[in-house]
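Given the structure is predicted, the values throughout are model-derived calculations rather than measurements. A, B, ... follow the sequence lines: proteins, then strands. Residue 1 opens every chain.
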2 protein chains.
Amino acid sequence: MISINYRDGRPIYEQVRDGYRQLIITGVLPMGSKMPSVREVSASLTVNPNTIQRAYRELEAEGYIVSVPGKGSFVAERGEADSIRREELLSRFRTLLPELRQVGTNKDTLVNLIEEEYNV
Amino acid sequence: MISINYRDGRPIYEQVRDGYRQLIITGVLPMGSKMPSVREVSASLTVNPNTIQRAYRELEAEGYIVSVPGKGSFVAERGEADSIRREELLSRFRTLLPELRQVGTNKDTLVNLIEEEYNV
DNA sequence: TTAACTGTATTAAGCCACTTAATACAGTTA
DNA sequence: TAACTGTATTAAGTGGCTTAATACAGTTAA
């Protein structure tokens with residue numbers, strides 16, 4: 001379902017977390033669908049179960065999945081999870097702007113990039 | 001001159017590097033001016049000299065300062081350094097856009113943030 | 001009911017980046 | 001000459017990430 005990159009400096013649990021978050025946000029994993037079990041992901045990626053557990057724990061804290069002992073983990077209803085994530089991304093966006101301006105980035109350059117993104 | 005935050009998860013050398021880069025970009029440290037010596041910063045922040053040396057080494061690699069053994073480190077001419085940094089920031093900006101869109105961020109929200117930033 | 005699954009928790013160990021520490025060397029400057 | 005500068009090296013400590021080996025409780029299908 002997802003893949004990890006050992007040359008990536010980021011911890012494996014972050015790569016797993018971000019990978020599944022992306023699958024959920026893009027709708028590849030629809031609401032209510034069952035996530036692969038911790039042990040399944042662990043086996044398919046040849047990674048310790050504890051590492052996957054940590055990724056799932058964080059996804060649950062973010063509101064993207066719901067874990068039920070004995071049953072499994074399931075993709076949660078979105079909405080609140082998205083708004084939490086949106087604020088996080090907007091915060092990074094706002095941080096980026098003054099820095100871009102300081103190094104001489106043109107305003108139109110940025111607006112054009114946005115136009116391109118939304119005109120697809 | 002700058003401060004570091006131990007609760008921040010980022011390494012100290014990154015905080016020092018980013019802090020001085022900011023001082024240079026904003027013009028607080030003008031072109032050609034002398035940077036505080038590695039030992040001075042080390043003493044004022046109560047941090048090992050090697051840690052500061054690493055921050056300076058990276059700032060020099062980025063083109064923001066020039067270090068001369070025996071004389072000191074000096075703020076370099078900007079231009080090339082800024083363009084390297086600008087591409088770095090633009091890359092992050094481009095990465096952020098599809099993610100923001102996916103979680104339902106409105107295009108005008110982003111454009112307005114840019115307008116505000118540049119209308120100051 | 002039993003067997004095989006599920007999430008969850010714990011303890012111990014290893015690895016590696018970051019950091020500290022203690023020196024050392026060469027060039028510069030007052 | 002003495003005190004500064006950047007730079008380099010080696011050794012050790014710390015903490016986060018990861019692995020490993022279990023264990024427990026709840027769920028589910030045979």
Between P of D:dT5 and CZ of B:Phe74, the distance in whole Å | 11 Å
Closest-nucleotide 5' rank along DNA chain D - winner of A:Asn50 and A:Pro69 | A:Asn50
Whole angstrom is fine here: how far is it from CG in B:Asn48 over to P in C:dT23?
-> 13 Å
Out of D:dG6, D:dT19, C:dT19, which has the shortest distance to the side chain of A:Ile12?
-> D:dT19
Quick one: label A:Arg39 by what it contacts on the DNA or RNA (base, sugar-phosphate, nothing), any heavy atom closer than 4.0 Å.
-> base
Would one find a side-chain N or O of A:Tyr13 under 4.0 angstrom from OP1 or OP2 of D:dC17?
-> yes
Considering every strand shown, what is the Watson-Crick or G-U wobble mate of C:dA22 when both distances are under 3.5 Å?
-> D:dT9
Within the structure, does a side-chain N or O atom of A:Ser73 lie under 4.0 Å from either OP1 or OP2 of C:dT6?
-> no
Under-4.0 Å side-chain N/O to phosphate OP1/OP2 contact, B:Lys71 with C:dG27 = no
Tell me, please, whether B:Tyr118 has A:Arg101 positioned over its six-membered ring: NZ or CZ under 6.0 Å from the ring centre and within 45 degrees of its axis?
-> yes
Check every strand shown and say whether A:Gln15 touches a base, only sugar-phosphate, or nothing at a heavy-atom separation below 4.0 Å.
-> nothing
Stepwise, does the side chain to side chain contact (heavy atoms under 4.5 Å, CB included) test hold for A:Phe93 with B:Phe93?
-> CA-CA 7 Å; A:Phe93 186 87; B:Phe93 186 87; 3.3 Å; yes
Please determine, for C:dA3, whether a Watson-Crick or G-U wobble partner exists with both distances under 3.5 Å, and give it or none.
-> D:dT28
For DNA chain D, whose closest nucleotide is more 5', that of B:Gln53 or that of A:Gly70?
-> B:Gln53
Considering only NZ, NE, NH1 and NH2 on the basic side and carboxylate oxygens on the acidic side, decide whether B:Arg85 and B:Asp82 come within less than 4.0 Å.
-> no
Scan B:Glu14 against the nucleic acid and name what it touches under 4.0 Å (heavy atoms): base, sugar-phosphate only, or nothing.
-> nothing
Side chains of B:Tyr56 and B:Ser37: closer than 4.5 Å at any heavy-atom pair?
-> no
Among the nucleotides D:dT19, C:dG7, D:dT7, which one has an atom lying closest to any side-chain atom of A:Ser37?
-> C:dG7
Taken to the nearest whole Å, CG/B:Asp8 to C1'/D:dG15 is 16 Å
Within this structure, what is the OH-to-C1' distance between A:Tyr6 and C:dC15, rounded to whole angstrom?
-> 14 Å
For the pair made of NZ in B:Lys34 and P in C:dT28, what is the distance, rounded to whole Å?
-> 14 Å
Between D:dT19 atom P and A:Arg54 atom CZ, what is the distance in whole Å?
-> 13 Å
A:Arg57/A:Glu60 salt bridge by N-O under 4.0 Å criterion = no
Side-chain ion pair, B:Lys107 and A:Glu117, N-O less than 4.0 Å | no
Report yes if a side-chain nitrogen or oxygen of A:Ser67 is closer than 4.0 Å to either non-bridging phosphate oxygen (OP1 or OP2) of C:dG7; otherwise report no.
-> no
Please give the nucleotide sitting opposite C:dA30 as a Watson-Crick or G-U wobble pair, both distances under 3.5 Å, or none.
-> D:dT1
Hey, is the side chain of B:Arg57 poking within less than 4.0 Å of OP1 or OP2 on D:dT7, counting only N and O atoms?
-> no
In whole angstrom, what separates A:Ile52's CD1 from C:dG7's P?
-> 11 Å
Atom CG of B:Leu45 to atom C1' of C:dT20: distance rounded to whole Å?
-> 15 Å
